[in-house]
Amino acid sequence: MSKPLFEKIALVGIGLIGSSLARVISRERLGGHIAITTRSAETLKRAEDLKLGDDYTAEAKEAVRGAGLVIVSVPVGASGAVVEEIAPVLKKGAILTDVGSTKASVIAQMQRFVPEGVHFIPGHPLTGTEMSGPDAGFAELFENRWCILTPLEGTDPAALEKLCQFWRRCGSSIDTMDPQHHDMTLAIVSHLPHIIAYNIVGMADDLEAVTKCEIVKYSASGFRDFTRLAGSDPTMWPDVCLHNREAILEMLARFSEDLASLQRAIRWGEGDKLFDLFTRTRAIRRSMGQEPGIQPSSGALTAVQGPTRLP
Ligand code: NAP
């Protein structure tokens with residue numbers, strides 16, 4: 001049997017993403033030993049019942065001690081506190097990474113606690129579902145998806161290559177970019193669509209109450225597409241919105257301007273303008289193909305378009 005990529009991997013947080021990692025790490029034998037830690041006794045017990053790892057502890061320090069790879073899979077707003085707690089026992093030479101949906105904010109929170117000699121390489125697998133918790137995970141979650149890494153200045157190339165190898169063995173393709181570029185890209189392809197969906201579905205619900213029309217009951221497929229996004233985790237999304245505030249606000253301002261221009265075109269009967277835009281957007285849709293995930297052509301729109309959703 002081939003040697004595992006890491007002798008010990010510690011998973012801090014064992015929800016949808018952490019438990020999917022645990023499953024693929026076991027299946028692919030990426031770690032000789034999987035240590036699991038999470039803050040609640042209930043989730044920890046569930047992880048143990050599901051046999052996701054080799055040892056389970058509520059003490060994050062115990063889990064990460066001696067680990068060659070530590071993956072933090074907690075809400076982005078909690079990532080700093082987690083690293084502050086585990087930092088004193090991180091092994092020299094270990095790789096510390098995360099899976100958070102925003103990058104600049106996570107780096108700002110985590111970096112200052114990372115001890116000398118530990119390779120901190122932030123990451124974000126572009127995959128997900130509407131579900132959360134250890135029962136929701138599955139080993140195939142990362143297959144044929146992008147994983148974006150945002151290495152910091154001076155990152156050790158060997159550590160970066162080892163982390164790339166890890167994600168490739170999970171089935172993902174890797175892209176590297178700077179954190180600001182990541183946050184701006186995700187704001188437009190993922191965060192804004194969710195905000196718009198939350199808004200439109202909430203608006204329909206309000207309108208239903210006022211007009212007593214059965215808007216939701218008779219909703220057509222377009223509206224239903226929005227409800228899928230609007231059904232996403234109500235705990236995670238405020239966390240993501242607040243931690244990518246700058247990029248989201250910038251994109252929302254741009255969105256409002258473009259929407260106003262569309263509104264004007266409709267008001268003044270400018271069918272040609274509408275036709276030109278709708279033709280351009282149809283071409284983008286058609287270039288994406290049927291299957292979500294990694295597309296043959298590269299570029300921001302195709303690279304990060306989603307599976308079920310991309311927080
Ligand atoms: P999840 O299923 O809700 O699991 C969250 C995990 O974090 C649980 O182990 C939970 O512990 C722990 N946790 C929650 N609040 C915490 C806090 N304040 N301090 C410490 N630990 C805390 O979440 P997830 O979907 O796996 O998301 C984890 C990370 O992945 C997030 O940063 C998210 O942005 C990112 N991400 C998510 C998706 C997605 O589709 N869900 C996709 C890509 C990236 P207990 O259960 O023990 O409380």
Side-chain angles (χ1 to χ4, degrees), residues 10-24 34-50 52-53 56-61 63-64 70-86 97-107 109-110 122-138 140-143 145-150 167 170 172 179 182-183 185-187 189-191 193-194 228-229 231-244 248 292-293 304-311:
L11 299 174
V12 183
I14 195 75
L16 170 74
I17 301 293
S19 72
S20 296
L21 283 168
R23 289 170 169 102
V24 70
I34 304 172
I36 290 174
T37 182
T38 188
R39 66 176 178 169
S40 77
E42 195 188 342
T43 305
L44 194 64
K45 167 85 173 52
R46 192 62 199 138
E48 190 166 3
D49 290 347
L50 291 165
L52 293 175
Y56 309 85
T57 171
E59 285 298 319
K61 277 184 182 164
V64 307
V70 175
I71 309 179
V72 175
S73 308
V74 303
V76 286
S79 49
V82 161
V83 174
E84 183 177 15
E85 187 185 345
I86 62 176
T97 190
D98 77 304
V99 296
S101 307
T102 68
K103 292 278 58 87
S105 143
V106 165
I107 292 167
Q109 292 175 69
M110 287 173 74
H124 178 202
L126 300 189
T127 182
T129 75
E130 280 80 24
M131 313 299 280
S132 50
D135 286 278
F138 51 99
E140 298 77 21
L141 183 66
F142 309 102
E143 260 167 40
R145 306 295 177 203
W146 288 101
C147 179
I148 295 182
L149 300 178
T150 59
W167 279 110
C170 292
S172 299
H182 167 278
D183 288 355
T185 307
L186 268 289
V189 300
S190 171
H191 306 167
H194 277 82
R228 182 177 60 77
L229 291 182
S232 301
D233 189 339
T235 308
M236 189 179 104
W237 278 94
D239 188 50
V240 171
C241 289
L242 298 183
H243 282 88
N244 198 19
I248 289 176
V304 292
Q305 66 162 313
T308 41
R309 57 185 261 266
L310 297 177

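Every number for a ligand or one of its atoms is a count from 1 in the order of the listing. Numbers here simply count residues along the sequence, with the first being 1.
- For T43, a nitrogen or oxygen atom sits less than 3.5 Å from a nitrogen or oxygen atom of ligand 1, counting backbone and side chain alike.
- When each atom of ligand 1 is checked for a heavy atom of S73 under 4.0 Å away, the hits are 6 (C), 7 (O), 28 (C).
- Taking distance alone, with nitrogen or oxygen atoms compared against 3.5 Å, V240 stays at or beyond that limit from ligand 1.
- When side chains are defined from C-beta on, S105 does not count as touching N244, because their heavy atoms never get closer than 4.5 Å.
- M236 has its side chain out of reach of S132: every pair of non-hydrogen atoms, C-beta onward, lies at least 4.5 Å apart.
- Considering backbone and side-chain N/O of H124, none are found under 3.5 Å from N/O of ligand 1.
- Applying the ring pair (Phe, Tyr, Trp, His ring centres under 6.0 Å) rule to H243 yields no partners; only residues at least two apart in sequence or on another chain are considered.
- Residue contacts with ligand 1: D233 is placed with no nitrogen or oxygen under 3.5 Å of a nitrogen or oxygen of the ligand (distance criterion only).
- The atoms of ligand 1 that sit less than 4.0 Å from any heavy atom of G100 are 32 (O).
- Taking OH of Y56 as the reference point, atom CD1 of I34 lies at 8.0 Å (rounded to 0.5 Å).
- In this structure, W167 and P125 have side chains that are in contact, with non-hydrogen atoms separated by less than 4.5 Å.
- Here the OG-CG distance, from S19 to D135, works out to 8.0 Å after rounding to the nearest 0.5 Å.
- Of all atoms in ligand 1, listed by their number and element, those nearer than 4.0 Å to a heavy atom of P125 are 43 (C).
- Some N or O of I14 is nearer than 3.5 Å to an N or O of ligand 1, by distance alone.
- Looking at residues two or more places apart in sequence or on another chain, you find no side-chain hydrogen bond (donor to acceptor under 3.5 Å, both in side chains) involving S79.
- The distance from ligand 1 to the heavy atoms of G13 drops below 4.0 Å at these ligand atoms: 9 (O).
- Among D98, T37, I36, T38, the residue whose heavy atom lies closest to atom 45 (P) of ligand 1 is T38.
- Nearest-heavy-atom check against atom 30 (O) of ligand 1 across V72, V99, V82 picks out V99.
- The side-chain heavy atoms of D49 and R46, taken from C-beta on, include a pair separated by under 4.5 Å.
- Side-chain contact check for V99 versus L21: some heavy-atom pair is nearer than 4.5 Å.
- One distance of note links CG of L141 with CD1 of I17; it measures 5.0 Å at 0.5 Å rounding.
- Looking at ligand 1, you'll find an N or O of V74 within less than 3.5 Å of one of its N or O atoms.
- Under 4.0 Å from ligand 1, the heavy atoms of A78 that appear belong solely to its side chain.
- When side chains are defined from C-beta on, H191 counts as touching L186, because their heavy atoms get closer than 4.5 Å.
- Remark: among candidates S101, P75, S232, the nearest residue to atom 36 (N) of ligand 1 is S101, based on non-hydrogen atoms.
- Counting heavy atoms closer than 4.0 Å to ligand 1, residue T127 contributes backbone atoms (N, CA, C, O) but none from C-beta onward.
- Here M236 has side-chain heavy atoms under 4.0 Å from ligand 1, and that is the only part of it that gets that close.
- Under 4.0 angstrom from ligand 1, there are no non-hydrogen atoms of S79.
- Note that OG1 of T57 is 7.0 Å distant from CG of L44, once rounded to the nearest 0.5 Å.
- Listed by number with element, the atoms of ligand 1 under 4.0 Å from a non-hydrogen atom of S132 are 1 (P), 2 (O), 3 (O).
- Within ligand 1, the atoms closer than 4.0 Å to a non-hydrogen atom of V76 are 32 (O), numbered from 1 in the order shown.
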